[in-house]
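Model, not experiment: these values are computed from the prediction.
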Amino acid sequence: MRVLVTGGAGFIGSHVVAALRERGHEPLVFDVKVDPAADVRDPVAVGRALGGVDAVCHQAAMVGLGNGVADAAEYVSRNDLGTAVLLAAMAEAGVRRLVLAGSMVVYGEGRYACPLHGVVRPGPRDVADLDAGRFEPTCPVCGEGLSPGLVGEDAPADPRNVYATTKLAQEHLAAVWARCTGGSAVSLRYHNVYGPGMPRDTPYAGVASFFRSALARGEAPRVFEDGGQRRDFVHVGDVAAANRVALEAEAAPGVLAVYNTGSGDPHTVGEMARALAAAYGGPEPVVTGEYRLGDVRHITADSSRLRDELGWKPEVGFARGMTEFARAGMQA
C-alpha cells in the first residue's frame, strides 16, 4: 500500500513511517520539516503529493494546550483548515482511505461516578478551587467527591481548550468526507504518547517530554497540581502499530470509526515523574501545586474496542517504557 503520512517527520509520524515500512508498505513523508513547501494548507502541494497514493495517515497537527485563546487562529489554521484542504484534495484525487491522529482531549474531563448520583459530568474546574489546591472535581449535584473511571468512545465530547476543539473538528470533517465520498475513515484517539524521539524543550510537548528534558539538564521534574492526575501513558511504538493496523483493516465505507488508543494501564502524573527520574538516575520530582487552566484532572479511556475489532494490543508496559524513555534520544 502506498501511504501518504502527513507529519511523517514528526515524533509519532516518524514511528508510523517506520512501522509501515517494516510491513512492506510504501510510506511517503509529507512534512514541512523535510520540505517547507509540504504544508497541508496548500492545495497544490497536497494534490501533487496524493498522486498514486492508496491511503492517507494524517499526523500533521499543532499540538499541546497552547496559550488560552491567543493562538486559537494558528491552531485552527494548522489543524482544521489543513485537514479540510487535505480531505478536499483526497476527494478530488479519488483517495478513499484515511487514518486520523485523534486525541482523547475531545472528552474533556474523564468519566466520574458519585456515590449518590451515579455517573455525572463535572463542569470546568473553578479557578478559586485550583488556587486553593482543591484539584479534584466534585459532583455537580451534591458537591461530594467523585470516583474516576474509564471513558468509552460513545461518551459525549466536551473539549476544554482550543487544541481539543480543533481535534474534535477534525473528526467532524473526516466524517463528512467519508459520507460524501464513500471513503473509510478511522480516528485513533491517542492518550499521552511518549517514547524515543519526543521533542524536547518546547511548549507544545507532552508532560513526559518536560520531565525528561528537566532530567537531562540535571534538574528535578516539576509536577503540577499535587501529582495525582490520572493519565494513560502509551508508548509511541504501540501507537504506530495501531495506525498500521487501522490502515490494513477492513473498514466500513461512508463512516468514521473512532477508537481510543491507550495502554489500558493508567498511572498518575506523579508516578510517571518518579519512575522516569528513578530510571534516569536524576533528582526526585518536585510537586509545585501550580496548574494550567484548561487542563483536566483525570482522563483515562477504555481501549477495548480497538483490541476487539482490529486485534491491536499494546506491547510496551509502563516500567519497560519509562526505562527505555529515560535512556532514549529526543528531537531538538
Q: Please report the C-alpha distance between V193 and F233 in whole Å, then the side-chain angles of each, then the deciding distance to 0.1 Å, and finally whether the side chain to side chain contact (heavy atoms under 4.5 Å, CB included) criterion is met.
A: CA-CA 6 Å; V193 186; F233 300 101; over 6 Å; no

Q: Identify the two heavy atoms, one from K33 and one from G10, that lie closest to each other, and give their separation to 0.1 Å.
A: NZ-CA, 3.8 Å

Q: Measure the shortest side-chain to side-chain distance between R307 and P314 over non-hydrogen atoms and say whether it is less than 4.5 angstrom.
A: yes

Q) According to a 4.5 Å side-chain heavy-atom criterion applied to Ile, Leu, Val, Met, Phe, Trp and Tyr, with indirect links allowed, do F224 and M272 form part of one hydrophobic cluster? A) no

Q.
Between the side chains of R222 and E290, is the shortest nitrogen-to-carboxylate-oxygen separation below 4.0 Å, so that they form an ion pair?
A. yes

Q) Which pair of non-hydrogen atoms, one from A275 and one from F318, has the smallest distance, and what is that distance? A) CB-CE2, 3.8 Å

Q) Are N79 and Y163 linked by a side-chain donor-acceptor pair shorter than 3.5 Å? A) no

Q. Just how far is it from atom CG of L86 to atom NE2 of H58, taken to the nearest 0.5 Å?
A. 5.0 Å

Q | Same cluster (ILVMFWY, side-chain, under 4.5 Å), L310 and L20 | A | yes

Q) Quick one: does R212's side chain have a donor or acceptor within less than 3.5 Å of a partner on A328's backbone? A) yes

Q | Closest contact, heavy atoms only, V53 versus L28 | A | CG2-CD1, 3.9 Å

Q: Return the minimal non-hydrogen interatomic distance between L215 and G282, and the atom names on each side.
A: CD2-CA, 3.9 Å

**Q.** Straight-line distance of L306 CG to L188 CG, nearest 0.5 Å
**A.** 6.5 Å

(Q) Checking R244 against E22 for the salt bridge (charged side-chain N to carboxylate O under 4.0 Å, His left out) test, could you report, in this order, the C-alpha distance in whole Å, the side-chain angles of both residues, the deciding distance, and whether it holds? (A) CA-CA 10 Å; R244 189 262 304 164; E22 287 173 7; over 6 Å; no

**Q.** Main-chain N/O of V151 paired to N260 side chain as donor or acceptor, under 3.5 Å
**A.** yes

Q) Hey, mind stepping through E136 and R297 against salt bridge (charged side-chain N to carboxylate O under 4.0 Å, His left out) and telling me if it holds? A) CA-CA 7 Å; E136 293 288 345; R297 179 60 175 175; 3.0 Å; yes

(Q) Between V40 and F30, does the side chain to side chain contact (heavy atoms under 4.5 Å, CB included) criterion hold? Intermediate values first, please. (A) CA-CA 8 Å; V40 290; F30 188 84; 3.9 Å; yes

Q.
Any salt bridge linking R305 with D154? Criterion: basic side-chain nitrogen under 4.0 Å from a carboxylate oxygen.
A. yes

(Q) Distance alone, cut at 3.5 Å: any donor-acceptor contact between the side chains of E248 and H25? (A) yes

Q: Starting at CZ of R2, measure out to CG of L50 and round the result to the nearest 0.5 Å.
A: 10.5 Å

Q) Under a 4.5 Å cut-off applied to non-hydrogen side-chain atoms, are R78 and R41 in contact? A) yes

Q) Is there side-chain contact between V239 and W312, with at least one heavy-atom pair below 4.5 Å? A) no

Q. Can you name the closest pair of heavy atoms from A157 and L168 and give their distance?
A. CB-CD2, 3.7 Å

Q: Take R179 and V255 through the side chain to side chain contact (heavy atoms under 4.5 Å, CB included) test and state the conclusion after the steps.
A: CA-CA 6 Å; R179 286 196 298 271; V255 297; over 6 Å; no

Q) Please walk me through it: do Y259 and D308 pass side-chain hydrogen bond (donor to acceptor under 3.5 Å, both in side chains)? A) CA-CA 11 Å; Y259 295 100; D308 295 343; over 6 Å; no

Q: Mark yes or no for whether Y112, through its side chain, and G145, through its backbone, hold a donor-acceptor pair below 3.5 Å.
A: no

Q | Heavy-atom donor-acceptor pair, D71 side chain to E74 backbone, under 3.5 Å | A | no

Q. Short question: side chain of Y75, backbone of V63 - any donor-acceptor pair under 3.5 Å?
A. yes

Q | For A220 against V286, the heavy-atom pair lying closest together | A | CB-CG2, 3.8 Å

Q) In Å, rounded to the nearest 0.5 Å, how long is the span from OH of Y194 to OG of S209? A) 14.0 Å

Q: Go through the side-chain N and O atoms of T300 and R231 and say whether any donor and acceptor fall under 3.5 Å apart.
A: no

Q. Above 12 or not: heavy atoms from other molecules or residues under 6.0 Å from CZ of R217?
A. yes

(Q) Does E92 have more than 12 heavy atoms from other residues, nucleotides or ligands lying within 6.0 Å of its CD? (A) no

Q. With side chains defined as the heavy atoms from C-beta onward, is the minimum distance between R200 and F210 less than 4.5 Å?
A. no

Q) Going through the checks in order, is the side-chain hydrogen bond (donor to acceptor under 3.5 Å, both in side chains) test met by H235 and E315? A) CA-CA 9 Å; H235 192 272; E315 301 289 344; over 6 Å; no

Q. After noting the C-alpha distance and the side-chain angles of I299 and E109, does the key distance pass the side chain to side chain contact (heavy atoms under 4.5 Å, CB included) rule?
A. CA-CA 6 Å; I299 176 63; E109 283 286 354; over 6 Å; no

Q) Any link between M90 and V16 through a network of hydrophobic side chains (Ile, Leu, Val, Met, Phe, Trp, Tyr) touching at under 4.5 Å? A) no

(Q) Quick check: is M322 connected to V207 through a chain of hydrophobic side chains (ILVMFWY, heavy atoms under 4.5 Å apart)? (A) yes

Q. Should H15 and I12 count as side-chain neighbours, where that means a heavy-atom distance under 4.5 Å?
A. no

(Q) Quick one, R189 with Y107, criterion side-chain hydrogen bond (donor to acceptor under 3.5 Å, both in side chains). Give me CA distance, side-chain angles, the key distance, then yes/no. (A) CA-CA 10 Å; R189 289 178 175 171; Y107 296 117; 2.8 Å; yes

Q | Side-chain donor-acceptor pair present, D129, Y291, cut-off under 3.5 Å | A | no

Q.
Is the shortest side-chain heavy-atom distance between V56 and V95 below 4.5 Å?
A. yes

Q | Reported NE2-to-CZ distance for the pair H267 and R230, which is rounded to 0.5 angstrom | A | 9.5 Å

**Q.** Q59 versus N243, side-chain donor and acceptor atoms under 3.5 Å
**A.** yes

Q | Within one Ile-Leu-Val-Met-Phe-Trp-Tyr cluster: V106 and L100, side-chain cutoff 4.5 Å | A | no

Q. Under 3.5 Å, is there a donor-acceptor pair between the side chain of T166 and the main chain of V76?
A. no

Q) So do the side chains of D31 and T6 get within less than 4.5 Å of each other, counting heavy atoms only? A) no

Q.
Could you check whether any side-chain heavy atom of R121 comes within less than 4.5 Å of a side-chain heavy atom of R111, counting everything from C-beta outward?
A. no

Q: Start with the C-alpha distance between D232 and S263, add both sets of side-chain angles, then the distance that settles side-chain hydrogen bond (donor to acceptor under 3.5 Å, both in side chains), and finish with yes or no.
A: CA-CA 6 Å; D232 185 324; S263 70; 2.6 Å; yes

Q. Could you give the distance from CZ (F211) to CD (E219), rounded to the nearest 0.5 Å?
A. 13.0 Å

Q: Run the salt-bridge test on E225 and R125 with the 4.0 Å N-O cut-off and return the result as yes or no.
A: yes

**Q.** Side chain Q229, main chain T268, donor-acceptor under 3.5 Å
**A.** no

Q.
Regarding E144 and H117, do their side chains bring together a donor and an acceptor under 3.5 Å, going by distance alone?
A. no

